[in-house]
Student: 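This is the structure I have questions about; it appears just below.
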Amino acid sequence: MKPLKLLLRVKQLKMNKTMQAKIWNHAQWVKETDPKALRGMFDELLRKAGFNVLSCTEHHFSPQGYTALWLLSESHFAVHTFPEFGRTYIELSSCNLDFYLNFLSMTKEL
């Protein structure tokens with residue numbers, strides 16, 4: 001499992017410094033499409049995995065569909081439903097490998 005490597009330029013007191021950020025990304029399809037069930041399930045799973053949830057924003061589409069985005073101290077998590085196909089697409093980006101692996105182990109059976 002290779003992290004996405006980002007080079008960030010930081011200017012500090014007229015000195016240029018370069019740092020590396022490691023980001024782990026995961027995407028998968030899950031069977032649940034009910035917005036209330038998804039919100040409750042992922043609120044709980046993200047916290048159990050160790051993530052610090054800063055906020056969550058949701059949008060309900062008409063006539064159907066749902067998107068939610070969790071802002072995490074360690075990056076972000078997104079949910080996009082496709083109820084017409086009976087599937088939901090989830091994506092996690094994390095800079096904390098331990099929390100990332102915890103989350104993957106809890107979601108592998110979804």
Side-chain angles (χ1 to χ4, degrees):
M1 171 176 4
K2 271 186 142 176
L4 170 67
K5 289 187 180 180
L6 302 175
L7 288 179
L8 305 174
R9 298 249 178 238
V10 179
K11 213 172 210 179
Q12 195 174 38
L13 301 173
K14 298 183 181 180
M15 296 175 3
N16 287 327
K17 294 185 177 189
T18 301
M19 67 180 210
Q20 267 193 342
K22 292 183 180 180
I23 310 266
W24 286 269
N25 295 293
H26 174 73
Q28 78 181 67
W29 290 94
V30 299
K31 294 176 185 174
E32 182 62 65
T33 61
D34 177 68
K36 188 174 181 178
L38 289 165
R39 174 69 191 262
M41 175 173 55
F42 288 117
D43 276 345
E44 182 180 347
L45 289 175
L46 288 164
R47 285 186 173 89
K48 278 187 176 178
F51 290 107
N52 179 33
V53 177
L54 299 174
S55 66
C56 179
T57 188
E58 305 170 285
H59 182 77
H60 296 264
F61 294 93
S62 181
Q64 62 185 6
Y66 170 76
T67 291
L69 176 68
W70 283 257
L71 178 61
L72 311 171
S73 293
E74 305 80 11
S75 202
H76 61 278
F77 175 71
V79 165
H80 310 282
T81 67
F82 296 86
E84 66 275 25
F85 300 110
R87 294 276 187 236
T88 295
Y89 186 73
I90 64 170
E91 297 177 280
L92 173 66
S93 292
S94 172
C95 61
N96 185 305
L97 180 58
D98 292 332
F99 298 169
Y100 173 83
L101 293 174
N102 291 343
F103 185 83
L104 290 185
S105 72
M106 290 187 280
T107 59
K108 67 182 173 186
E109 300 299 323
L110 296 179

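For the single chain, residues carry numbers from 1 onward in sequence order. Only heavy atoms go into these numbers, but all of them, side chains included; no hydrogens, no water, no symmetry mates. Remember, it's a predicted structure, so these values are computed and weren't measured experimentally.
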Student: Going by side chain to side chain donor-acceptor pair (under 3.5 Å), name the pairs with one or both residues in residues 86-96, residues two or more places apart or in two chains.
Tutor: Asn25-Ser93
Student: So, His26 and Gln28: side-chain donor and acceptor under 3.5 Å apart, yes or no?
Tutor: yes
Student: Determine, using the 4.5 Å side-chain heavy-atom cutoff (strictly less than), whether Leu92 and Trp29 are members of one ILVMFWY cluster.
Tutor: no
Student: Once the angle between the rings of Phe82 and Phe85 is folded into 0 to 90°, is it parallel (under 30°), tilted (30 to 60°) or perpendicular (over 60°)?
Tutor: tilted
Student: Quick one: are His60 and Pro35 in side-chain contact, heavy atoms under 4.5 Å?
Tutor: yes
Student: Flag yes if Tyr100 and Leu69 sit in one hydrophobic cluster, no otherwise; membership is Ile, Leu, Val, Met, Phe, Trp, Tyr, and two members link when side-chain heavy atoms are under 4.5 Å apart.
Tutor: no
Student: Could you measure the distance from the CD atom of Glu32 to the CG atom of Leu110? Nearest 0.5 Å is fine.
Tutor: 9.5 Å
Student: Pair Phe103, Leu46 - check side chain to side chain contact (heavy atoms under 4.5 Å, CB included), show working.
Tutor: CA-CA 7 Å; Phe103 185 83; Leu46 288 164; 3.7 Å; yes
Student: Does Leu71 sit in a hydrophobic cluster with other residues, and if so which ones, taking ILVMFWY side chains as linked at heavy-atom separations under 4.5 Å, directly or through other members?
Tutor: Leu54
Student: Who passes ring pair (Phe, Tyr, Trp, His ring centres under 6.0 Å) against Phe42, sequence neighbours left out?
Tutor: Phe77
Student: Considering only residues two or more places apart or on different chains, which pairs with a residue in residues 70-79 satisfy side chain to side chain donor-acceptor pair (under 3.5 Å)?
Tutor: Asp43-Trp70, Asn52-Ser73
Student: If you round to the nearest 0.5 Å, how far is CZ of Phe51 from CZ of Phe99?
Tutor: 7.0 Å
Student: Return the set of residues passing side-chain contact (heavy atoms from CB on, under 4.5 Å) with Gln64 (not counting sequence neighbours), or none when no residue passes.
Tutor: Pro83, Glu84
Student: Please report the interatomic distance CD(Glu44) to CE(Met106), rounded to the nearest 0.5 Å.
Tutor: 9.0 Å
Student: Can you tell me how far apart CG (Leu38) and CG (Leu45) are? Round to the nearest 0.5 Å.
Tutor: 10.5 Å
Student: What are the two closest heavy atoms between Ile23 and Cys95, and how far apart are they?
Tutor: CD1-CB, 4.3 Å
Student: Which value, rounded to the nearest 0.5 Å, describes the distance between Cys56 atom SG and Arg39 atom CZ?
Tutor: 3.5 Å
Student: If I compare all heavy atoms of Asp34 with all of Ala37, which pair ends up nearest, and what's the gap?
Tutor: OD2-N, 2.9 Å
Student: Test Thr67 against Thr81 for side chain to side chain contact (heavy atoms under 4.5 Å, CB included), laying out the working first.
Tutor: CA-CA 6 Å; Thr67 291; Thr81 67; over 6 Å; no
Student: How long is the gap from NZ on Lys36 to CE on Met41, to the nearest 0.5 Å?
Tutor: 14.5 Å
Student: Give the intermediate values and the outcome of side chain to side chain contact (heavy atoms under 4.5 Å, CB included) for residues Leu72 and Val53.
Tutor: CA-CA 5 Å; Leu72 311 171; Val53 177; 3.8 Å; yes
Student: Please enumerate all residues that pass ring pair (Phe, Tyr, Trp, His ring centres under 6.0 Å) together with His80, with sequence neighbours excluded.
Tutor: none
